[in-house]
Amino acid sequence: MNLYEILNDRQQEAVLCTEGPLLVLAGAGSGKTRVLTHRIAYLIEEKGVNPWNILAITFTNKAAGEMKRRVQQTVSFGADSVWVSTFHSACVRILRRHCDQLGFTSSFSIYDPDDQKVLMRQVLKTLDVDTKLYKDRVMLGYISDAKNRLIRPGEYERDASGSREKKVALIYRTYQEELLKNNAMDFDDLIVKTVELFSGFPEILEYYQKRFQYIMVDEYQDTNFAQFKLVEYLASGHRNLCVVGDDDQSIYKFRGADVRNILEFEAAFPGARVVKLEQNYRSTGNILTAANEVIRNNKNRKEKTLWTANGEGSLPQYRQFQTGEEEADYIAREFNRYHKDGREFKDMAVLYRTNAQSRLLEEYCIKWDVPYIVVGGVNFYQRKEIKDVLAYLKTIANGVDDLAVARIINVPKRGIGAVSVGKLTAYAEEQGIHLYDAVRRADQVPGMKKAALKVMEFSRQIEALREIQMDPQKSIADLIRAILENTGYRQELEGEGEEESKNRLENIEELISKAASYSAAAVEPSLNEFLEQVALVADVDRMEDELTSRVVLMTLHSAKGLEFPVVFLAGMEDGLFPSMMSISYEDQGEVEEERRLCYVGITRAREELIMTGARLRMINGETRYGRTSRFIREIPEEYLDMHVLEPAFSRQKSEGSDIRGTVTITPQGQIVEETRRRGSVSSFAPGFGKSFVVTKASSLDYQEGDRVCHQKYGEGVVQEIKDGKKDYEVTIHFDQAGVKRMLASFAKLKRIEG
């Protein structure tokens with residue numbers, strides 16, 4: 001059989017269209033990976049393209065690995081020469097070769113989120129910034145957003161208005177200076193610095209444009225502006241760019257993804273051709289009908305309708321419960337029922353909007369003896385013992401990474417206290433050298449006294465480990481074993497004699513296994529490349545090993561790219577899903593993002609889809625009355641198996657009415673009124689007898705930077721005020737409750753004088 005006969009007509013069209021820009025709109029479960037791999041095969045075997053001239057980019061190592069495997073199965077010769085990579089891995093590969101042009105050395109470290117927080121705390125301390133007003137996590141969010149939009153520190157400072165923005169600009173600039181000083185980049189920098197290379201050094205850009213004559217980008221709807229520019233630079237040479245994605249599955253706006261990249265592709269790349277993949281190979285017809293009915297309510301989208309030859313299947317279900325506890329109890333018992341009917345636990349998943357929803361689901365899974373796993377826990381590479389060993393490896397590979405040195409200088413305990421480390425740091429700053437250089441000169445540091453001997457013993461250990469690393473007969477696994485033995489790390493953990501210490505040693509053994517696997521697979525193993533692989537591992541890349549024989553509990557965002565025979569969507573209530581924030585601000589873009597998330601959740605189900613909701617739910621310590629999610633109400637009743645509770649209070653409507661109703665909320669943001677469509681019933685939560693109408697004030701008696709008081713949350717500082725359509729949107733950092741975003745009419749904030 002011809003290799004391409006297994007493709008449907010639209011898939012074949014996408015494979016055969018090789019010249020010029022091409023947008024492949026690939027609906028959920030429509031076989032996009034098959035298209036990409038066969039397209040690569042067609043270029044090599046039919047068009048005679050050198051595999052070395054093909055670049056395929058995706059978002060996760062898992063996806064890149066799967067694509068490499070399929071290409072090798074499909075292509076008879078040259079598959080290993082195709083550059084299949086994630087965005088970040090591709091950029092690291094380029095930067096290792098050219099980063100000296102930007103002031104870095106090829107052994108630069110890659111900082112993960114934990115490393116970033118440590119560095120940011122140091123920056124805030126150095127600048128003597130009030131960390132209640134300028135939290136490390138919030139500042140890193142501002143900086144990440146700026147980098148995603150390719151706004152450099154100088155531009156940020158130039159455009160800053162107001163004292164807060166100017167302070168953030170200073171923090172941004174200092175943070176970047178510290179990264180450069182440590183010969184380190186964060187994840188965002190990997191993209192940004194590559195774009196800087198291409199924009200600042202035309203000869204480097206020309207080299208990669210000539211090399212990559214055919215470029216393919218997967219999951220294009222998840223790209224941000226920086227990634228768009230990167231692709232634009234590379235593709236502007238030959239213009240043979242194929243992007244594959246689905247605007248209906250663009251759900252990562254909070255990470256900087258810009259759905260406009262795919263919606264406006266034809267404008268960015270004139271003459272682009274568009275191919276729609278609408279045949280779904282995953283789900284049954286009734287599940288796809290529900291998905292289509294929901295997503296067609298979005299205005300900003302490319303029109304497409306999923307269909308399948310799989311058969312209609314059973315109707316999706318909606319089950320309403322009185323409380324969140326009853327909902328969780330039902331879901332856990334249903335897991336057992338499905339299991340008794342022959343389903344494996346690993347074939348079932350419950351998806352939810354927020355992590356907080358997992359608590360009740362876990363409790364009832366435990367109650368009914370349902371084996372489960374919560375996806376999104378502590379990443380293996382974020383565990384303390386793993387971070388410690390990696391810090392040793394970073395120090396061995398890159399002695400100018402001050403964060404790594406500071407982490408391990410007294411791990412295991414060597415009697416080097418904070419005072420001594422402070423003296424070393426001060427000396428390094430005075431001399432304009434790195435912390436490890438100061439460590440090696442500890443006997444010259446004023447006031448070190450006896451501690452100098454301990455510090456210099458630490459440097460001797462590092463130098464001895466460097467000799468092991470340079471030995472061609474020694475592997476990275478051998479180096480990690482030497483770290484455990486030579487530093488006393490293993491002895492310290494074994495001496496503790498606790499179960500947790502035993503688990504930590506087992507985790508390190510797992511890291512050694514990872515290092516051994518890497519060395520066996522690599523053509524030329526190197527410590528820098530190993531650290532790079534570890535740094536770029538995402539949660540989704542380790543998920544496959546965890547999905548064994550247990551029910552999966554995960555957020556909807558984590559479920560992207562996965563599928564299960566049986567899927568539960570929990571918490572289908574307005575205010576929870578879609579979120580209260582998106583509803584209250586009446587932001588069409590926010591609601592559409594939530595609807596896309598619902599679409600993703602529905603299309604994870606292959607055979608059975610059960611959606612659930614509760615009238616009453618405890619959220620943030622408050623009981624809220626939830627109206628059935630608008631996403632449920634967007635599915636015509638004939639396409640749903642509906643089971644709803646009788647209302648606590650009702651009044652008859654005219655026969656055949658199609659009442660959609662409106663949501664009414666309390667001053668605390670609670671939903672208190674529900675009007676059911678087609679049901680000739682309106683239900684009202686007990687204890688409330690009136691609606692609250694939003695009335696926008698002509699002005700506010702407080703401004704950004706003022707201290708204010710709230711009846712519930714106490715005192716705080718106004719961080720931001722936005723003039724919304726129907727009300728002012730106010731962001732306040734409360735002293736005790738943290739950051740809250742509120743509508744001014746409901747918040748009733750009072751300015752504190754003085």
Side-chain angles (χ1 to χ4, degrees), residues 1-49 51 54-60 62-76 79 82 84 214-222 235 240-250 262 265-266 269 271-285 287-288 291-292 295 301-311 560-563 599-600 603-604 606:
M1 183 178 68
N2 187 296
L3 183 65
Y4 308 103
E5 288 180 0
I6 64 172
L7 304 175
N8 64 41
D9 290 346
R10 296 286 75 75
Q11 289 174 335
Q12 285 193 30
E13 183 182 356
V15 166
L16 300 179
C17 178
T18 60
E19 308 306 305
L22 171 68
L23 169 61
V24 179
L25 288 171
S30 62
K32 64 183 178 65
T33 303
R34 177 184 293 177
V35 167
L36 286 168
T37 53
H38 280 73
R39 197 170 190 274
I40 292 171
Y42 180 76
L43 285 169
I44 295 171
E45 298 191 338
E46 302 295 332
K47 298 277 290 184
V49 175
I54 300 173
L55 170 66
I57 301 178
T58 186
F59 270 81
T60 67
K62 179 183 175 184
E66 174 65 12
M67 193 178 297
K68 283 180 184 177
R69 185 183 66 80
R70 291 206 200 179
V71 169
Q72 288 169 346
Q73 290 176 343
T74 308
V75 178
S76 58
V82 179
V84 182
Y214 292 87
I215 300 171
M216 280 157 274
V217 183
D218 192 13
E219 303 287 3
Y220 191 68
Q221 77 280 348
D222 293 336
N240 297 325
L241 170 66
C242 169
V243 303
V244 181
D246 182 7
D247 53 299
D248 290 335
Q249 296 186 75
S250 179
I262 192 167
F265 181 81
E266 296 100 311
F269 299 94
R273 197 165 160 185
V274 179
V275 175
K276 296 181 182 180
L277 305 183
E278 296 173 291
Q279 182 176 358
N280 177 283
Y281 293 91
R282 175 190 301 157
S283 305
T284 59
I287 290 172
L288 295 181
N292 289 330
I295 200 62
R301 65 183 291 261
K302 301 276 191 179
E303 183 59 40
K304 54 191 166 299
T305 302
L306 294 182
W307 63 276
T308 185
N310 292 342
K560 178 89 179 327
L562 300 177
E563 58 183 70
Y599 174 83
V600 166
T603 54
R604 297 314 93 194
R606 282 165 34 193

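Starting from 1, each residue takes its place in the sequence as its number. A quick note: this is a predicted structure, and the numbers were derived from the prediction, not measured.
- For K276, there are no salt bridge (charged side-chain N to carboxylate O under 4.0 Å, His left out) partners two or more places apart in sequence or in a different chain.
- In this structure, the side-chain hydrogen bond (donor to acceptor under 3.5 Å, both in side chains) partners of Q249, at least two apart in sequence or on a different chain, are D246, R604.
- Considering only residues two or more places apart in sequence or on other chains, N310 meets the side-chain hydrogen bond (donor to acceptor under 3.5 Å, both in side chains) condition with T308.
- For G27 against L306, the heavy-atom pair with the smallest separation is CA-CD2, 3.7 Å.
- Formation of a donor-acceptor pair under 3.5 Å by the N280 side chain with backbone atoms of S30 is not found in this model.
- Take D248 and apply the salt bridge (charged side-chain N to carboxylate O under 4.0 Å, His left out) test, not counting sequence neighbours, and it matches R301, K304.
- For F265, the ring-ring contact (aromatic ring centres under 6.0 Å, His included) test picks out Y220, F269, with sequence neighbours left out.
- Under the rule for a side-chain contact (heavy atoms from CB on, under 4.5 Å), the partners of K68 that lie at least two apart in sequence or sit in another chain are V84.
- In this view, R10 and N8, E13, V275, L277 satisfy the side-chain contact (heavy atoms from CB on, under 4.5 Å) rule, not counting sequence neighbours.
- Annotation: the span from E303 atom CD to E278 atom CD amounts to 8.0 Å, rounded to 0.5 Å.
- Every salt bridge (charged side-chain N to carboxylate O under 4.0 Å, His left out) that E66 has, sequence neighbours left out, goes to R69, R70.
- Contacts of D222 classified as side-chain hydrogen bond (donor to acceptor under 3.5 Å, both in side chains), with partners at least two apart in sequence or in another chain: K560.
- Y214 and T18 make their closest contact through CE2-O, 3.5 Å (heavy atoms, listed as atom of the first residue, atom of the second, distance).
- Among residue pairs with one or both ends in residues 22-31, none qualify as salt bridge (charged side-chain N to carboxylate O under 4.0 Å, His left out); sequence neighbours excluded.
- The structure places CD1 of I287 at 12.0 Å from CG of N292, a figure rounded to the nearest 0.5 Å.
- If you take OG on S250 and CD on E219, they are separated by 10.0 Å, rounding to the nearest 0.5 Å.
- Partners of Y599 by side-chain hydrogen bond (donor to acceptor under 3.5 Å, both in side chains), not counting sequence neighbours: none found.
- For E266, the side-chain contact (heavy atoms from CB on, under 4.5 Å) partners at least two apart in sequence or on another chain are L23, A272, V274, K302.
- Looking at every heavy atom in both residues, K32 comes nearest to A26 through CB-CB, 3.7 Å.
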